[in-house]
Amino acid sequence: MKHKISVSLTVFCFLFFNTIQSQEKKSGEKYFQISPRIGIDFPTYDNNTPFINYKSGLEFGISVDHYWNWFGLGADFDYIKNSPESSYATKNLINSGAVPLTSFALIEDNITRMFYGIGPDYRYSSKSKRFVIELNTRAGLGSVKGGKTQLNETTTADNQLLNYHAGYDDKNIFSVKGQVRFTYFFKPNFGLQIGAYYLRHFDAVENVDTNLGFAAAYQSVEINPTTNENVLTADNINKREDACHCDISSVGVFVGLSLKIPTAKTIKQDDCIQHGLTITAKDKFTKEILPDTDVVIKNAKGEIIKSGKTNSFGAVVFENVVPDDYTIEGLLNSVKLEPTLAKKSEFKPNKTIQKEIIYSDLNLILKGTAVVCNTKKPISNVIVTLKNQAGTEEKTTVTDSLGQFTFPIQPKSKYLIYGKKENYFSQTETVTSEEYDRNVTLFVKVKLCLEEADCGKAITLKNILYDLDKYFIREESKKELNRLVQFMVDNPGVKVEVSSHTDSRASFEYNQVLSQNRANAAVDYLVSQGIDRSRLKGVGYGETKLLNECADGVNCTEEQHQLNRRTEMKVICPEKKNN
């Protein structure tokens, strides 16, 4: 029992300190607390007396504490009374002369212990302040008195001493105590508590009987296996003449009362009442929840008293809202949501009001992510441009740390979208909103691919097509070349090589001339769009840089030959200056 209580106290202290350290909100209470108690004490006396045990007994105590929020300082007084118990075997006992010993005289004096200590307190209370857990640590002085134990046989005239301990009469013993208390306050300043403690007195000194000349003694006994009798082995008694400087420890459990005496203005019960407001943003048509929606709460004067942004579940929670009449407004991608009202009468103690704000705009929302081509790696700080192909609208935004961006887009429209970032070559994506029904879809998702345009790295320009044996720029090829124009406008400091490649069919000389003419035609087109010719270099590689094994004499499919027929761009690396 004593071991279980001691282990439980240790585990509780560890968990309690962690709870105290993680407690963020302080109660604001400052008060004295007086706590009388009564309990049962379970002692352990380390005095090396083999045939004496110590019984449990009553404990009376009182604690006086003063708390500043969760920390306090307190003092304890404990009065403990228990008694020794001789465990010397007197049944079937005979002396060394084989005389049965049948009558005995036993003295067992009660022991009283007292403890006076002071030390820090730690307190955790529930939000309602009704349930309180305390950890009290104390150091101080103790005393122990009594406990004389003496067993004599009275059968013979010798009245042999069988078992003896002189007891204690020691004061000012250094002592420590740890205590936990659980209190439930039926009223704000009055409660009932239960608890447990561990108390230890260090180096308690035994008495030495001046007449007998020893502190403890006992007669040795052997069991006769034939008669099953306890036989005194000799008339000489085993004596311990020196007093033991040994510890006394005990654990105990108790019940008691707690009385608070406030020393400063404490928080009123009304101040402990919380009012919450949860706002959820939803689409009117699809009923989708809307993350990343800006939400504000305004009072009757139009002043913003709370603001936040909805989470991934489309909700934002506001705590500690003072009951009043409020207007709740939302904004998603610069589009206002339908506002709603929260009335003062709707606020209830410790309850959270649920409100919805509705997105009713008829436009769709383009939700995109900018990534490195052929990867899932997002690119932040990309300037993304959205152009209506009808030429009536152009908008820009910047991607966030996750590469994400949004635009409102009109139904039944076509858009071009591309990105701008230094040293990146952006693809141009087409978005057609005609494909989507606003009653079913709100978000149109798109990925915008940007290639890292490191100097010397070749990037294939898609859909640069030429007629057979021709090198003039076809109308459908201009779209891709316009992408290169945009890149050079966005990066005015770079120079670009435009290269043309053929497959291995036809003669080497023919392919070389044709590819050079086609590269020159691409350069001429770029110049016609305002790019300075000094920033451009046209190179025809003919069939010298095949991407597969389809060289002269190798039988390949049309698709394999097509892979080699391509136009590429690469940023020209700056020339290194010689020191």
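Side-chain atoms are counted along with the backbone in the values below, which use heavy atoms only and exclude waters and symmetry mates. The first residue of the sequence shown is numbered 1, and numbering continues consecutively from there.
Both cation-pi conditions hold for Arg37 and Phe254: the charged atom is under 6.0 angstrom from the six-membered ring centre and inside a 45 degree cone around its axis. Judged by a 6.0 Å distance limit and a 45° cone about the ring axis, Lys177 is positioned over the six-membered ring of Tyr197. For Arg130 and Phe185, the positive end is not near the middle of the six-membered ring at less than 6.0 Å and at most 45° from its axis.
Taking a cutoff of 4.0 Å between a charged side-chain nitrogen and a carboxylate oxygen, Lys284 and Asp361 do not qualify as a salt bridge. Taking 4.0 Å as the cut-off between side-chain N and carboxylate O, Arg138 and Asp78 do not count as a salt-bridged pair.
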- Query: Can you check salt bridge (charged side-chain N to carboxylate O under 4.0 Å, His left out) on Glu303 and Lys298, steps first, answer last?
  - Reply: CA-CA 5 Å; Glu303 301 168 332; Lys298 295 181 178 180; over 6 Å; no

- Residue pair Lys570, Asp454: steps toward the salt bridge (charged side-chain N to carboxylate O under 4.0 Å, His left out) verdict: CA-CA 8 Å; Lys570 65 181 176 182; Asp454 297 330; over 6 Å; no

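Under 3.5 Å, the side chains of Thr263 and His66 contain a donor-acceptor pair of N or O atoms. No donor-acceptor contact under 3.5 angstrom links the side chains of Asp65 and Ser63, judged on distance only. Looking at Ser258 and Gln193, their side chains do bring a donor and an acceptor atom within 3.5 Å of each other.
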Less than 3.5 Å apart, which donor and acceptor atoms pair up between the side chains of residues 406-413 and the rest of the protein, not counting sequence neighbours?
from	atom 1	to	atom 2	distance (Å)
Thr406	OG1	Asn333	OD1	2.7
Ser413	OG	Pro411	O	3.2

Please tabulate, for the side chains in residues 336-346, all donor-acceptor contacts under 3.5 angstrom to protein atoms that are two or more places apart in sequence or on a different chain.
from	atom 1	to	atom 2	distance (Å)
Glu338	OE2	Ser360	OG	3.0
Glu346	OE1	Lys355	NZ	2.8
Glu346	OE2	Lys343	N	2.7
Glu346	OE2	Lys355	NZ	3.3

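Pairs of residues two or more places apart, or lying in two chains, that qualify as disulfide bond (SG atoms under 2.5 Å apart) and include a residue from residues 384-461 are Cys373-Cys449, Cys455-Cys573. Residue pairs meeting the side chain to side chain donor-acceptor pair (under 3.5 Å) criterion with at least one partner in residues 420-430, sequence neighbours excluded, are Gln427-Glu451, Gln427-Arg483. Within the structure, disulfide bond (SG atoms under 2.5 Å apart) pairs that include any residue of residues 273-302 do not occur (at least two apart or interchain).
Other residues, nucleotides and ligands contribute over 12 non-hydrogen atoms within 6.0 Å of the CG atom of Leu547.
A distance-only check finds no donor-acceptor pair linking the side chain of Thr399 to the backbone of Phe405 [under 3.5 Å]. Listed for the Arg518 side chain is no donor-acceptor partner under 3.5 Å among the backbone atoms of Thr567. At least one donor-acceptor pair under 3.5 Å links the side chain of Thr310 to the backbone N or O of Thr293.
Applying the side chain to side chain contact (heavy atoms under 4.5 Å, CB included) test to Ser175 and every residue at least two apart in sequence or in another chain returns Phe115, Ile173, His201. Judged as a salt bridge (Lys or Arg N to Asp or Glu O under 4.0 Å), and not counting sequence neighbours, Asp324 has no contacts. Partners of Glu476 according to the salt bridge (Lys or Arg N to Asp or Glu O under 4.0 Å) rule, which considers only residues two or more places apart in sequence or in another chain, are Arg474. Shown here are the salt bridge (Lys or Arg N to Asp or Glu O under 4.0 Å) partners of Arg566, two or more places apart in sequence or in another chain: Glu568. Residues meeting the side chain to side chain contact (heavy atoms under 4.5 Å, CB included) test with Ala453, sequence neighbours left out: Phe425, Ile459, Phe487, Val571. Residues satisfying the salt bridge (Lys or Arg N to Asp or Glu O under 4.0 Å) test with Lys478, not counting sequence neighbours, are Glu475. Annotation: side chain to side chain contact (heavy atoms under 4.5 Å, CB included) contacts of Asn189 (sequence neighbours excluded): Lys260, Pro262.
Aromatic pair Phe186/Tyr184: centroids less than 6.0 angstrom apart.
Looking at heavy atoms from C-beta onward, Phe347 lies in side-chain contact with Tyr326 at the 4.5 angstrom threshold.
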